[in-house]
Peer 1: 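Got a structure for you, written out below as structure tokens; questions coming shortly.
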Number of protein chains: 2
Amino acid sequence: MTNAGGRKGGRARVERAERGIPEATVARLPVYLRALTALSDRDVTTASSEDLAVSAGVNSAKLRKDLSYLGTYGTRGVGYDVDYLRYQIAREIGLTQDWSVVIVGIGNLGHALANYSGFASRGFRVTALLDSDEARVGESVGDLHISSLDDLDEIVRSGSVSIGVIATPAAAAQIVCDRLVAAGVSSILNFAPALLSVPDHVDIRKVDLSIELQILAFHEQRKTGALTGIKAGTG
Amino acid sequence: MTNAGGRKGGRARVERAERGIPEATVARLPVYLRALTALSDRDVTTASSEDLAVSAGVNSAKLRKDLSYLGTYGTRGVGYDVDYLRYQIAREIGLTQDWSVVIVGIGNLGHALANYSGFASRGFRVTALLDSDEARVGESVGDLHISSLDDLDEIVRSGSVSIGVIATPAAAAQIVCDRLVAAGVSSILNFAPALLSVPDHVDIRKVDLSIELQILAFHEQRKTGALTGIKAGTG
DNA sequence: ACGATTTTGTTCTCGCGTTCACAAACTCTT
DNA sequence: AAGAGTTTGTGAACGCGAGAACAAAATCGT
Ligand SMILES: NC(=O)c1ccc[n+]([C@@H]2O[C@H](COP(=O)([O-])OP(=O)(O)OC[C@H]3O[C@@H](n4cnc5c(N)ncnc54)[C@H](O)[C@@H]3O)[C@@H](O)[C@H]2O)c1
Ligand SMILES: NC(=O)c1ccc[n+]([C@@H]2O[C@H](COP(=O)([O-])OP(=O)(O)OC[C@H]3O[C@@H](n4cnc5c(N)ncnc54)[C@H](O)[C@@H]3O)[C@@H](O)[C@H]2O)c1
């Protein structure tokens, strides 16, 4: 009776794809990479999964399982060679090549991103800054100068740009996104607080600072037992 | 034989806590809030779970289940009253009160955050900007001027600050974090690419743009079939 | 008044991710 | 060379979250 509906039929036997790395693992690989770099900088040549796990802030079993998806790079009884593992993870992520990035919307946030040196050091090369505000076009930020959005197609094509960063107001985000996609960009990082729709072949990730603060506020409210709900009082 | 080890004993019967909202749900509440605000701005007074789900970019069953953790705010056969639901979610998150925020590290990113109007409109009030660089102290950014880190304790105490944002270089992040905690801040948003350790009663969230780009790069590499691994060639 | 229609709230099932636990594989000591 | 010690890689159990499905509850039409 509980199961009156149609049955689901046979279980879809999913052959473990040759290279099917779980999404949760992918998100941790950069963390491991950072931990390995830190160890390498301290001239540590070998590290156990426990050492690495501490550096990365995760459980050691999880770390070992994550690494096992990439291959068998450790030595039982010894641990992992720091530089070797670092290279393997970098290769897996795709950091053995440089990636060209365009930033669209060079306002407060766009300026900060354009000036950030931490991208280049991780293999991301900001090749163009775009803005629709004609007053801003031509202005220079760091090594680059701001180009018009109309040059997008040419820039993407000639610069092999595959990653686009959206730092425009929310109202413009979808339009900018569409233009990026049309120009051939297939990965997008969105800072605007807006829901963007993209074709299947395009990957999109969002960073929303307001949401982060709201999540903190939720827990903060629980901690302080502020169940009265009304307090505040900044006139 | 497979199960030779010690058994785990009785199952921990977890009474569904009166207010045990799953973390995944908490993370989506701000998204629903934004969707509701957008609908309200368009003078929509009532919305079904399907309408809302589309606006928020989630599955409608998931949305209904999420909302059911908060209470019974819908009407069967009708849907949800937009403004009423919006208030209930805001109250649940804790946005019926203002939250004071301090930003530490007023460099590229800190400036952008300080100038961002989107925080205030969501109930977050930046009450102080702190930097260790004496040359910067006194400089004004928007309405505020930059204070010395030494004033942290006084600022936190007198301003009821509960949320701290770290936008310093990674090397300074842990020290700054410790000082925030010592001053009484119990929620921290960290932009520095560093692993921070905090006491149990402190919540910490991180935003790491490099990690986001690396995740995009991983998928991008798969898409372009760039399995050769060696290419790049920026001299 | 009552059946048809709509839509919520909730139950159930499935799959993913986390963690424990341990055999296999390696090094080190004697 | 053999045993003791160490650490990886992985099988298995478990818990959480996603989504399908449906009964309950409301409105609408006649
Ligand atoms: N500044 C922050 O710290 C911060 C924090 C969180 C979220 N955000 C979000 O990031 C985005 C940018 O924020 P900001 O503070 O830099 O805003 P901003 O107003 O300072 O900058 C926006 C820039 O985008 C440009 N622009 C507008 N429409 C455009 C279009 N169609 N094509 C190209 N460029 C266009 C504008 O000319 C401007 O230079 C916003 O969506 C904001 O909500 C910013
Ligand atoms: N700028 C970006 O777009 C961006 C992107 C991703 C990550 N980040 C990260 O955000 C952080 C800040 O980046 P940024 O570009 O603004 O750097 P920045 O160098 O421009 O600014 C850092 C600021 O922190 C201050 N500072 C240093 N030590 C301090 C201390 N102990 N106490 C208080 N203040 C201190 C400095 O005086 C400076 O004003 C870095 O960790 C960076 O990796 C920045």
Peer 1: Using a heavy-atom cut-off of under 4.0 Å over every strand shown, decide if Thr25(B) touches base, sugar-phosphate, or nothing.
Peer 2: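 Touches nothing.
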Peer 1: In whole angstrom, what separates Asp66(A)'s CG from dT18(C)'s P?
Peer 2: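 Whole-Å distance recorded here is 7 Å.
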Peer 1: Considering just the side-chain nitrogens and oxygens of Tyr80(A), establish if one lies under 4.0 Å of OP1 or OP2 belonging to dG9(D).
Peer 2: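 The answer is yes; a side-chain N or O of Tyr80(A) sits under 4.0 Å from OP1 or OP2.
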Peer 1: For nucleotides 26-28 of chain C, which of its nitrogen or oxygen atoms have a protein nitrogen or oxygen under 3.5 Å away, and what is each distance?
Peer 2:
unit_1, atom_1, unit_2, atom_2, d
dC26(C), O4', Arg76(A), O, 3.4

Peer 1: For dG19(D), does the base pair up with any side-chain atom of Lys65(B) as donor and acceptor (N or O, under 3.5 Å, distance only)?
Peer 2: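 Check passes, donor-acceptor contact within cut-off.
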Peer 1: Among side-chain atoms of Ser40(B) and Asp83(B), is any donor-acceptor pair under 3.5 angstrom?
Peer 2: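 Per modelled atom types, Ser40(B) and Asp83(B) side chains form a pair under 3.5 Å.
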Peer 1: I want to check one thing: is the phosphate of dG17(D), taken as OP1 and OP2, less than 4.0 Å away from some side-chain N or O of Asn59(B)?
Peer 2: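 No, no such contact exists.
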Peer 1: Would you give the length of the straight line joining atom CZ of Arg86(B) to atom CG of Leu33(B), rounded to the nearest 0.5 angstrom?
Peer 2: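 That separation rounds to 7.5 Å.
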Peer 1: Look at the side chain of Arg34(B) and the backbone N and O of Pro30(B), then say whether any donor-acceptor pair between them is shorter than 3.5 Å.
Peer 2: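 It does not hold such a pair.
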Peer 1: Between Tyr73(B) and Tyr80(B), does the ring pair (Phe, Tyr, Trp, His ring centres under 6.0 Å) criterion hold? Intermediate values first, please.
Peer 2: CA-CA 7 Å; Tyr73(B) 297 133; Tyr80(B) 301 88; 8.6 Å; no
Peer 1: How close or far is atom P of dT7(D) from atom CG of Leu85(A), stated in whole angstroms?
Peer 2: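 Going from CG in Leu85(A) over to P in dT7(D) covers 16 Å.
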Peer 1: dT8(C) phosphate, OP1 or OP2: any side-chain N/O from Ser49(B) under 4.0 angstrom?
Peer 2: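 For dT8(C), OP1 or OP2 has a side-chain N or O of Ser49(B) closer than 4.0 Å.
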Peer 1: Among residues 26-45 of chain A, which contact DNA chain C at a heavy-atom distance under 4.0 Å?
Peer 2: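 DNA chain C contact set from residues 26-45 of chain A: Arg28(A).
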Peer 1: Provide, to the nearest angstrom, the distance between the CG atom belonging to Leu67(B) and the C1' atom belonging to dT10(C).
Peer 2: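 These atoms are roughly 13 Å apart.
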Peer 1: Over how many whole Å does the gap from Lys62(A) atom NZ to dG9(D) atom C1' extend?
Peer 2: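 After rounding, the reported distance stands at 17 Å.
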Peer 1: Return yes if a side-chain donor-acceptor contact under 3.5 Å exists between Ser187(B) and Asp203(B), otherwise no.
Peer 2: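 The criterion, which ignores hydrogens and geometry beyond distance, is not satisfied for Asp203(B) and Ser187(B).
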Peer 1: What do you reckon, are the aromatic ring centroids of Tyr116(B) and Phe119(B) less than 6.0 Å apart?
Peer 2: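 Yes, the ring of Tyr116(B) comes within the 6.0 Å limit of the ring of Phe119(B), centre to centre.
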Peer 1: Checking Thr25(B) now: which residues fulfil side chain to side chain contact (heavy atoms under 4.5 Å, CB included) with it, not counting sequence neighbours?
Peer 2: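 Applying side chain to side chain contact (heavy atoms under 4.5 Å, CB included) to Thr25(B) gives Ile21(B), Pro22(B), Arg28(B), Leu29(B), Asp66(B), Tyr69(B).
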Peer 1: In whole angstroms, how far is the P atom of dT7(C) from the CG atom of Asp81(B)?
Peer 2: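 To the nearest whole Å, that distance equals 15 Å.
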Peer 1: Is a donor on one side and an acceptor on the other found under 3.5 Å between the side chain of Trp99(B) and the backbone of Leu216(A)?
Peer 2: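 Not confirmed, Trp99(B) side chain does not pair with Leu216(A) backbone.
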Peer 1: Classify the side-chain pair Ser49(B)/Arg64(B) by whether it contains a donor and acceptor separated by less than 3.5 Å.
Peer 2: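 Note: Ser49(B) and Arg64(B) side chains meet the donor-acceptor criterion.
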Peer 1: Any idea which of dC22(D), dT18(C), dT10(D) is nearest the Arg64(B) side chain?
Peer 2: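 Of all the options, the side chain of Arg64(B) is nearest to dC22(D).
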Peer 1: Figure out the CG/P separation between Asp51(B) and dT7(C), and round it to whole Å.
Peer 2: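 Roughly 8 Å, once rounded to whole Å.
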Peer 1: Return the value, rounded to whole Å, for the distance between atom CD of Glu23(A) and atom P of dA18(D).
Peer 2: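 Checked: the CD to P distance equals 15 Å.
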Peer 1: dA25(D) C1' sits how many Å from Tyr73(B) OH, rounded?
Peer 2: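 After rounding, the gap between these two atoms is 19 Å.
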